[in-house]
Amino acid sequence: MSFLKIVMVGGGSYNWLPTLLGDLVQTPELRNSEIWLLDPLTDAANELKAAIEKADGNSPDYRFIVTDNEEEAFRDADFVVITISTGGLEAMRKDIAIPEKYGIFQTVGDSAGPGGWARTIRNYKVFRDMVEKIEKLSPHAMILNYTNPMAGLTGVISRHCSLRHVGLCHGLFSVYWAMQRIFGCQEKDIRVNFAGVNHFFWVTGMTICGRDGLAMLREKLQDRSMDELITGGSDVVPDHKGEKHLLAAELFEKYGALTYFEDRHTSEYLPGILNDPEEMARLQLIRTTIERRYEKVRKNRAYTLKMISGEKGLFKRSRETAVDIIRAAACGTTFADVMNLENIGQISNLPMGAVVETMGCIRDGVPEPIAFGALPDGLAALTAPHCTVQKLTVDALVTGNRKMLSEALLHDPVCSFLPPDRIMAMANELLEANQPFLPEM
């Protein structure tokens with residue numbers, strides 16, 4: 001295989017880069033690649049470069065380049081991986097604090113609800129300018145996006161360039177993880193039929209070792225809770241993250257479909273939860289505070305420094321699919337897994353053009369959706385409003401229509417308990433807080 005140029009936008013991300021760079025250097029087919037770490041925080045990117053070079057015995061097979069120069073990084077790139085957060089955690093703090101004044105207690109605030117809406121707006125101009133520059137300098141590149149809100153920002157990419165692109169998330173992997181815990185099987189034994197939007201998907205069919213997995217799960221739930229099945233009664237479970245899965249269990253009981261096993265994400269897509277502290281307490285929802293996010297960055301940086309000193313080595317090859325997609329596209333092979341792509345009919349009863357999440361396939365170097373069909377009516381009714389918010393928000397940003405931008409938030413289910421004038425007041429506060437990042441409107 002010929003030399004590849006792979007650009008990591010957010011090359012100083014302590015959250016993403018140790019994992020993604022570790023995956024790259026543990027993929028033999030990508031040896032001899034040139035990996036550019038693009039970030040205005042070059043000190044952080046240089047630490048990550050030093051860490052991976054120290055920890056990986058094959059690092060001489062790769063060339064790592066740290067830069068804050070977009071022109072140099074994007075020119076003649078083959079693949080561009082995006083892992084950025086415009087405005088950082090302090091901007092996100094306002095996404096959480098302002099809706100709280102209106103009675104919305106977001107548990108994450110990066111995908112749906114007013115926080116997700118504000119984050120789309122804050123990243124829009126950066127994404128627009130970036131992808132237009134990538135297309136100009138590298139007309140054959142593929143863009144892989146990890147930045148939330150996944151649906152909205154992947155939609156921005158599609159509106160501003162014609163390059164191959166795909167949005168990536170690991171939400172479905174939580175279902176695989178939970179089923180492995182419950183049934184003692186391996187991921188290769190599990191087959192799922194699923195569809196929805198990022199962080200709010202529905203597994204409507206599943207087999208485990210060829211048997212009806214959803215029926216098997218219902219049988220097990222007759223005398224034990226979902227959380228007891230997953231944890232085995234232990235308070236310490238690898239990757240458990242403190243979630244109690246009460247909401248996931250209730251949705252499965254009501255709709256017969258599995259959704260994301262991190263309730264803090266799912267709750268942000270449903271009405272009547274985040275405005276009710278008693279309901280949040282009943283579901284034992286965990287709020288991801290800004291302080292908790294800062295602590296995660298500190299821990300990840302500490303690990304990075306231990307890699308540089310030789311105290312720690314590479315993470316084992318992760319379940320993230322960015323490197324699998326790059327390898328398949330570069331080597332001319334096929335690869336199928338979870339992908340976020342524009343709806344061209346793969347989910348027949350969700351709005352066309354919205355970015356939706358289904359199985360997808362890399363074939364001849366191009367990401368293509370795999371058809372799911374129609375979601376059950378009740379699940380489509382829960383999911384479609386988020387497609388509407390996504391499309392209206394992106395349309396308003398592309399056309400510079402500030403009125404439409406604010407009105408998009410009227411359709412968000414988490415805001416539905418508020419009268420329209422209060423939603424519009426909240427939208428105006430969030431826009432004012434993000435004024436430095438707004439496009440021309």
Side-chain angles (χ1 to χ4, degrees), residues 10 12-19 39-41 43-45 47-48 51 83-123 146-150 153 169-171 174 199 235-247 260-269 273-307 312 315 414 426 429-430 432-437:
S13 169
Y14 294 109
N15 289 340
W16 280 107
L17 268 291
T19 297
D39 203 304
L41 303 176
D43 287 347
E47 284 186 353
L48 289 157
T83 64
I84 63 172
S85 179
T86 301
L89 293 179
E90 288 309 305
M92 195 172 181
R93 189 186 296 278
K94 297 173 184 176
D95 297 345
I96 304 296
I98 291 172
E100 281 188 5
K101 293 167 54 179
Y102 293 83
I104 298 174
F105 304 98
Q106 293 169 116
T107 41
V108 184
D110 70 353
S111 294
W117 175 83
R119 191 173 162 111
T120 302
I121 295 165
R122 188 164 61 250
N123 279 281
Y146 271 110
T147 297
N148 289 326
M150 176 60 56
L153 294 178
C169 185
H170 44 239
S174 72
H199 291 160
D235 290 331
V236 182
V237 179
D239 299 322
H240 190 46
K241 301 179 182 177
E243 299 280 354
K244 293 301 181 183
H245 317 298
L246 298 177
L247 181 57
Y260 198 0
F261 270 81
E262 290 193 14
D263 288 351
R264 63 198 176 94
H265 277 292
T266 309
S267 62
E268 298 201 311
Y269 289 81
I273 296 177
L274 299 189
N275 62 301
D276 186 343
E278 290 185 3
E279 181 69 359
M280 294 177 71
R282 183 186 71 81
L283 293 170
Q284 298 185 51
L285 294 178
I286 296 171
R287 299 189 72 191
T288 305
T289 64
I290 299 302
E291 287 68 32
R292 186 176 173 183
R293 291 180 182 275
Y294 272 120
E295 181 59 25
K296 181 181 178 182
V297 174
R298 284 192 290 270
K299 287 181 177 178
N300 289 345
R301 182 174 183 242
Y303 192 97
T304 300
L305 295 177
K306 288 180 179 179
M307 289 173 69
K312 296 288 186 180
F315 293 119
V414 81
M426 178 173 59
E429 275 202 63
L430 286 165
E432 182 61 31
N434 286 287
Q435 186 63 42
F437 308 105

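Everything quoted here is computed from the prediction, not taken from an experiment.
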Next item on the list: Kindly say whether R264 contributes a backbone atom to a donor-acceptor pair with the side chain of T107 at under 3.5 angstrom?
Entry: yes

Next item on the list: Using a cut-off of 6.0 Å, state whether more than 12 heavy atoms not belonging to E278 lie near its atom CD.
Entry: no

Item checked: S13 side-chain N/O to G10 backbone N/O, donor-acceptor pair under 3.5 Å -> no

Margin query: Can you tell me how far apart CD1 (I98) and CZ (R93) are? Round to the nearest 0.5 Å.
Written below: 12.5 Å

Check: For R119 and N434, what are the C-alpha separation, side-chain angles and deciding distance, and is it a side chain to side chain contact (heavy atoms under 4.5 Å, CB included)?
Finding: CA-CA 9 Å; R119 191 173 162 111; N434 286 287; over 6 Å; no

Next item on the list: Find the distance between CZ (R122) and CH2 (W117) and round it off to the nearest 0.5 Å.
Entry: 11.0 Å

Item checked: Heavy-atom closest contact (Q106 atom, P99 atom, distance) -> NE2-CG, 3.5 Å

Next item on the list: With the side chain counted from C-beta on, respond yes when I286 and R292 share a heavy-atom pair under 4.5 Å apart, and no when they do not.
Entry: yes

Next item on the list: Go through the steps for Y303 and Y14 under the test ring pair (Phe, Tyr, Trp, His ring centres under 6.0 Å), then give the verdict.
Entry: CA-CA 9 Å; Y303 192 97; Y14 294 109; over 10 Å; no

Note to self: Using side-chain heavy atoms (C-beta onward) and a distance below 4.5 Å, is I96 in contact with R287?
What the structure shows: yes

Check: Could you walk me through whether D263 and L283 pass the side chain to side chain contact (heavy atoms under 4.5 Å, CB included) check?
Finding: CA-CA 8 Å; D263 288 351; L283 293 170; 5.7 Å; no

Item checked: Salt bridge R282-E279, side-chain N to carboxylate O under 4.0 Å -> yes

Next item on the list: Using a strict cut-off of less than 4.0 Å between a Lys/Arg side-chain nitrogen and an Asp/Glu carboxylate oxygen, indicate whether E432 and K94 qualify as a salt bridge.
Entry: no

Next item on the list: For R298 and E291, run salt bridge (charged side-chain N to carboxylate O under 4.0 Å, His left out): C-alpha distance rounded to whole Å, both residues' side-chain angles, the deciding distance at 0.1 Å, then the answer.
Entry: CA-CA 11 Å; R298 284 192 290 270; E291 287 68 32; over 6 Å; no

Item checked: Over all atoms of both residues, closest heavy-atom pair of T120 and L153 -> O-CD2, 4.0 Å

Next item on the list: Taking all non-hydrogen atoms of both residues into account, name the closest pair between D95 and A118 and its distance.
Entry: OD1-CB, 3.5 Å

Next item on the list: Nearest 0.5 Å please: distance from the CD atom of E243 over to the CD atom of E262.
Entry: 5.5 Å

Notebook entry, point to check: Taking all atoms of both residues into account, what is the closest heavy-atom pair of V414 and G113, and its distance?
Noted result: CG1-CA, 3.4 Å

Notebook entry, point to check: How far apart are the C-alpha atoms of T288 and R293, what are their side-chain angles, what is the distance that settles it, and do they pass the side chain to side chain donor-acceptor pair (under 3.5 Å) test?
Noted result: CA-CA 7 Å; T288 305; R293 291 180 182 275; 4.9 Å; no

Notebook entry, point to check: Where do P18 and T304 come nearest, in terms of heavy atoms and distance?
Noted result: CG-OG1, 4.0 Å

Notebook entry, point to check: Between OH of Y146 and OG1 of T83, what distance do you get to the nearest 0.5 Å?
Noted result: 9.5 Å

Notebook entry, point to check: Only one of E268, H265, H199 clears side chain to side chain donor-acceptor pair (under 3.5 Å) with S111; which?
Noted result: H199

Item checked: Worked check of side chain to side chain contact (heavy atoms under 4.5 Å, CB included) between S85 and M92 -> CA-CA 9 Å; S85 179; M92 195 172 181; 5.6 Å; no

Item checked: Heavy-atom side-chain proximity of I104 to P114 below 4.5 angstrom -> yes

Margin query: Can you give me the closest heavy-atom contact between H170 and Y260, atom names plus distance?
Written below: CD2-OH, 4.2 Å

Checklist line | V108/N148 under side chain to side chain contact (heavy atoms under 4.5 Å, CB included): CA gap, chis, key distance, verdict | finding: CA-CA 11 Å; V108 184; N148 289 326; over 6 Å; no

Item checked: Rounded distance (nearest 0.5 Å) linking atom CG of L48 with atom CG of L305 -> 9.0 Å

Notebook entry, point to check: For E90 and Y294, does a side-chain donor sit closer than 3.5 Å to a side-chain acceptor?
Noted result: yes

Next item on the list: Supply the atom-to-atom distance I273 CD1 to L285 CG, rounded to the nearest 0.5 angstrom.
Entry: 7.0 Å

